[in-house]
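The figures here come from the full heavy-atom set of this structure, side chains too, leaving out hydrogens, waters and symmetry mates. Count residues from 1 along the sequence. Model, not experiment: these values are computed from the prediction.
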Amino acid sequence: NVTIEVQISTWSEYWTKLEAMANSNSLPDIFWMHTNEFSKYAEAGMLADLTDLYADEDPDYYHNNFPANLVENFTYEDKIYGVMKDVDTIGLVYNKDIFDEAGVSYPDDTWTWDDLVEASETIHEKTGKYLLTSEATGGDTLMMMMQSCGANFVNEDGEAYIVGNDVAEKCINLYVDLVKNDVVKLVNNWDEYIATITGGEAAGIVNGNWITATLMSTEDQKGLWQITTMPKVDDVDTATNYANNGGSSWYVTSNCQNVELAEDFLASTFG
């Protein structure tokens with residue numbers, strides 16, 4: 001006997017609305033956001049403590065059901081505030097029709113970024129299209145490269161680690177080469193990024209698994225795309241074909257009038 005009101009917003013509107021609601025103390029009972037942004041809300045006392053959400057069935061539910069590093073992502077001062085929604089594994093999604101048109105073999109889990117560069121030269125020459133697209137206002141592609149090597153731009157103490165960071169230097173130089181050599185088409189915003197994919201300007205995408213929803217929602221893209229693991233960075237001992245880009249959690253807000261009901265809803269659905 002409960003009515004749930006769901007508010008839907010566009011991606012760009014969502015974050016503006018969320019910030020405004022937080023500032024006016026009018027956050028909804030339950031919302032989701034990027035895991036790496038939640039701490040400022042927890043610090044401000046805007047989130048309900050969910051540490052004991054599953055205590056009756058399993059006192060250590062979170063640590064028994066999620067990898068430790070993920071639990072840490074929604075833990076603040078030893079209290080758990082979130083319920084994991086998603087962790088976005090990286091793949092290389094490619095348009096097989098464009099590869100066929102250029103006469104280039106499909107990528108697989110043995111491919112490195114150098115292989116991608118070599119393929120892109122043929123694709124660009126024969127079709128005039130780019131192999132990849134990247135949003136110039138963000139650093140997603142570069143961060144995915146870094147993460148796939150087990151590296152970062154900060155050290156374990158949270159301090160900037162750029163000078164003397166050999167993997168960072170390697171990945172930055174690689175990214176610059178991708179742009180200079182017409183492997184990657186740089187665009188100005190998210191809408192342009194999506195348009196280059198759905199409009200057939202780009203033969204591939206390196207991004208989180210969530211990007212497949214965009215392809216699946218566009219009727220004329222059906223059957224054109226396949227997926228494999230992301231390419232590996234060459235000449236880096238720690239390089240792998242694996243990374244993630246994004247991740248989010250569900251949260252109950254502290255101004256919720258019925259926290260117990262909100263917790264039950266989460267436990268019965270997404271949780």
Between T112 and D114: side-chain donor-acceptor atoms closer than 3.5 Å: no
Sidechain-backbone polar pair: D108 side chain, T110 backbone, donor-acceptor under 3.5 Å: yes
Centroid-centroid distance, Y14 to W32, less than 6.0 Å: yes
Test item: L266 and I30 side chains (from C-beta on) under 4.5 Å apart, heavy atoms: yes
Nearest-0.5 Å distance, CZ of residue F38 to CD of residue E43: 10.5 Å
L224 CG to T198 OG1 distance, which is reported to the nearest 0.5 Å: 11.5 Å
Side chain proximity check, D115 to P107, heavy atoms < 4.5 angstrom: no
Student check: side-chain heavy atoms of W15 and H34 closer than 4.5 Å: yes
Pairs meeting criterion ring-ring contact (aromatic ring centres under 6.0 Å, His included) with involvement of residues 84-113, two or more places apart: Y94-F99, Y94-Y106
For S26, all residues meeting side chain to side chain donor-acceptor pair (under 3.5 Å), sequence neighbours excluded: S24
OG-OH distance between S254 and Y81, expressed to the nearest 0.5 angstrom: 9.5 Å
Non-hydrogen side-chain atoms of Y76 and Y41 separated by less than 4.5 Å: no
Distance (rounded to the nearest 0.5 Å) between N25 CG and M46 CE: 7.0 Å
hydrophobic_cluster_shared for M145 and Y242, side chain cutoff 4.5 Å: no
Qualifying residue for side-chain hydrogen bond (donor to acceptor under 3.5 Å, both in side chains) with N245, from N207, T89, N209: N207
Salt bridge (charged side-chain N to carboxylate O under 4.0 Å, His left out) partners for E219, two or more places apart: K222
Steps toward side-chain contact (heavy atoms from CB on, under 4.5 Å) verdict (D140, Y193): CA-CA 12 Å; D140 284 5; Y193 176 77; over 6 Å; no
Contacts of D166 that satisfy salt bridge (charged side-chain N to carboxylate O under 4.0 Å, His left out) - sequence neighbours left out: none
Under the side chain to side chain donor-acceptor pair (under 3.5 Å) test, residues paired with T133 that sit two or more places apart: T196
Results of side chain to side chain donor-acceptor pair (under 3.5 Å) for Y130 - residues two or more places apart only: none
Enumerate, atom names and distances included, each donor-acceptor pair closer than 3.5 Å involving a side-chain atom of residues 169-184, sequence neighbours excluded.
unit_1	atom_1	unit_2	atom_2	d
N173	ND2	E169	O	3.2
Y175	OH	S134	OG	3.0
N181	ND2	D177	O	3.0

Pairs flagged by ring-ring contact (aromatic ring centres under 6.0 Å, His included) wherever residues 195-219 is involved - sequence neighbours left out: W190-W210
Residues forming a salt bridge (charged side-chain N to carboxylate O under 4.0 Å, His left out) with E201, sequence neighbours excluded: K185
Partner residues of E77 under the salt bridge (charged side-chain N to carboxylate O under 4.0 Å, His left out) criterion, sequence neighbours left out: none
Taking distance alone, no hydrogens or angles, what donor-acceptor pairs closer than 3.5 Å link side-chain atoms of residues 116-126 to residues at least two apart or in another chain?
unit_1	atom_1	unit_2	atom_2	d
S120	OG	V117	O	2.6
H124	ND1	K129	O	3.0

N189 and E192, any side-chain heavy atoms less than 4.5 Å apart: yes
Qualifying side chain to side chain donor-acceptor pair (under 3.5 Å) pairs, either residue in residues 255-269, two or more places apart: T253-N255
